[in-house]
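Have a look at the structure below, then the notes.
Everything numeric here is computed off the predicted structure, so don't read it as measured data. Whatever order the structure lists ligands and atoms in, that order sets their numbers, starting from 1.
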Amino acid sequence: MRLRRVLAIIGVVVLLLCTVCAGAGVWLWNAQVISTADQVDFTRPLAVPPLAPSRMEGGRRVFDLKAQAGEHDFGRGATPTWGFNGGYLGPTLRAARGEQVAVNVTNALDQTTTVHWHGMHLPAEADGGPHQLVAAGKTWSPTWKVDQPAATLWYHPHLHGETSEHVYRGLAGLFLVDDPATSVDALPHEYGVDDIPLIVQDKKFDGDGELDDSSEFMSGVGVLGDTIAVNGTVGPYLDVTTERVRLRLLNGSNARSYEFGFTDGRRFALVGTDGGLLASAYDTDRITLSPGERAEIVVTVRAGERAVLRSYPPDLGAGPFERFVGGADTFDVLQLRAAGTLAPRPAVPQRLVETARLDRKDAAQERRFTMSGHAINGKQMDMTRIDFAPERGSVEIWKLVNRDGQPHNFHVHDVQFQVLTQDGAAPPPHLSGWKDTIYLPGDVTFEVIMRFSDFADADTPYMFHCHVLYHEDAGMMGQFVVVPPGGKPGVVDHSSHLAHAGHH
Ligand code: C2O
Ligand code: CU
Ligand code: CU
């Protein structure tokens with residue numbers, strides 16, 4: 001009898017514990033979903049990053065960028081942040097194809113950083129990756145000739161192991177490339193008027209209103225914020241004065257992907273991706289961007305109306321992890337407030353720019369990149385290892401696949417690529433143009449093709465990596481050098497770079 005009573009009590013206790021655990025499980029499951037739909041008061045005018053001043057010096061267009069500590073108002077008092085030439089984010093650099101540019105990057109922080117020109121075709125020593133250190137108090141002055149189609153590029157630190165923190169604190173800005181031959185006059189193009197950059201970032205704050213970059217429970221992707229800032233503005237509205245407005249979207253977030261659309265389901269024209277305009281405008285109602293990706297869209301508004309840009313739950317192809325990595329979240333991002341009378345703007349032309357397609361037959365090499373467990377092809381980043389060495393001028397096909405189902409994307413420096421296939425089929429329209437970053441849903445193979453033109457440097461590597469910054473910092477990155485035809489990769493001596501850090 002006594003034994004039965006004891007067993008019964010144990011049974012009840014176990015049952016109770018299970019209920020508590022299940023309850024906690026359900027709570028945790030539900031707690032992973034964030035929605036700000038219809039809950040954002042759009043009370044602050046959208047900040048538009050200023051165009052960086054420049055001057056001509058010895059035939060070069062020269063910019064000055066200073067990385068500095070400061071503070072920023074995210075709507076909860078003064079939050080300590082970092083920025084370029086200001087408290088948060090940086091000015092928009094703008095240069096034309098064919099121009100020689102130079103940027104004096106001064107590091108006024110109390111620690112080393114770097115500045116990388118994401119999407120830019122340029123010599124490796126100007127790339128601003130983890131080997132081009134800028135020590136505290138020093139100035140680094142890379143120079144290169146801008147030579148690529150008109151595009152929305154960006155810049156951000158790339159210090160190995162610290163990229164996530166430096167970007168999260170606010171070091172990021174846009175670099176717009178102009179080129180009459182690859183742009184379309186009929187598209188809105190007046191910066192800050194009908195051509196508006198939108199740097200979209202998610203932020204999280206601790207009890208003191210300071211930026212919190214701690215990782216989420218079970219996420220494995222690092223920080224996922226519950227507050228959206230656009231160009232640093234929380235709850236932004238944009239006064240629209242023209243019938244059509246071009247939005248240059250940059251996902252400048254550490255880990256979060258967005259699926260942008262309008263709450264009234266209106267359609268818009270996708271006109272450009274990472275590396276330039278598309279061959280033809282793509283009429284759609286959604287565009288998904290993973291960290292580092294850009295999209296240019298043209299939206300039509302009616303006089304007097306308000307329209308809300310929202311991020312819907314993106315399909316991350318992450319299976320059971322989906323909701324732990326932001327795949328169930330909804331955010332209201334930006335309100336467009338159309339004026340009572342709107343200046344006319346031409347319709348978006350169907351044909352945009354002629355772009356030659358790279359040909360599979362021209363590929364000298366095929367390589368495979370398997371993304372899994374903070375490693376690429378089973379290898380983690382090593383500052384002194386060169387993984388491979390394409391020859392200058394050669395064309396290569398890279399096969400990209402995500403094998404662990406965590407959210408990964410793939411970014412490569414120096415080049416823009418074209419997508420040949422997605423699981424053997426022709427790519428969808430939003431992957432039909434120039435890309436430098438591509439999202440990789442689990443177990444879908446992408447073939448991309450690129451040419452390594454112009455620059456060779458056997459000793460200075462370019463990076464390829466996952467642009468989920470926590471993964472990149474954790475080692476999901478590799479290095480390649482471009483060598484002259486017949487050349488051999490050199491030796492990356494990181495210590496010498498350290499010794500010369502910031503030398504100028
Ligand atoms: Cu946007 Cu290697 O980086
Ligand atoms: Cu890059
Ligand atoms: Cu990743």
Would the H413 and H465 ring centres measure less than 6.0 Å apart?
yes
Taking the ring of H411 and the ring of H118, is the distance between their centroids below 6.0 Å?
yes
Assess H467: does it contribute an N, O or S atom lying under 2.8 Å from atom 1 (Cu) of ligand 1?
yes
Find, among atoms of H118 that are N, O or S, the one nearest to atom 1 (Cu) of ligand 1, and state its name.
ND1
Kindly compute the distance separating CD (Q479) from CE (M477), expressed to the nearest 0.5 Å.
7.0 Å
Does H166 have its ring centroid less than 6.0 Å away from the ring centroid of Y168?
no
Which N/O/S atom belongs to H413 and is the closest one to atom 2 (Cu) of ligand 1?
NE2
Would you name the N/O/S atom of H158 that lies closest to atom 2 (Cu) of ligand 1?
NE2
Is the Cu ion (ligand 2) under 2.8 Å from any N, O or S atom of H118?
no
Pairwise distance CG(L270) to CG(L249) - rounded to 0.5 angstrom
9.5 Å
At a threshold of 2.8 Å, where the distance has to be below it, does atom 2 (Cu) of ligand 1 have an N, O or S atom of H465 nearby?
yes
Taking the six-membered ring for Trp, is the centroid-to-centroid distance between Y312 and F331 below 6.0 Å?
no
N/O/S atom of H411 under 2.8 Å from the Cu ion (ligand 2), yes or no?
yes
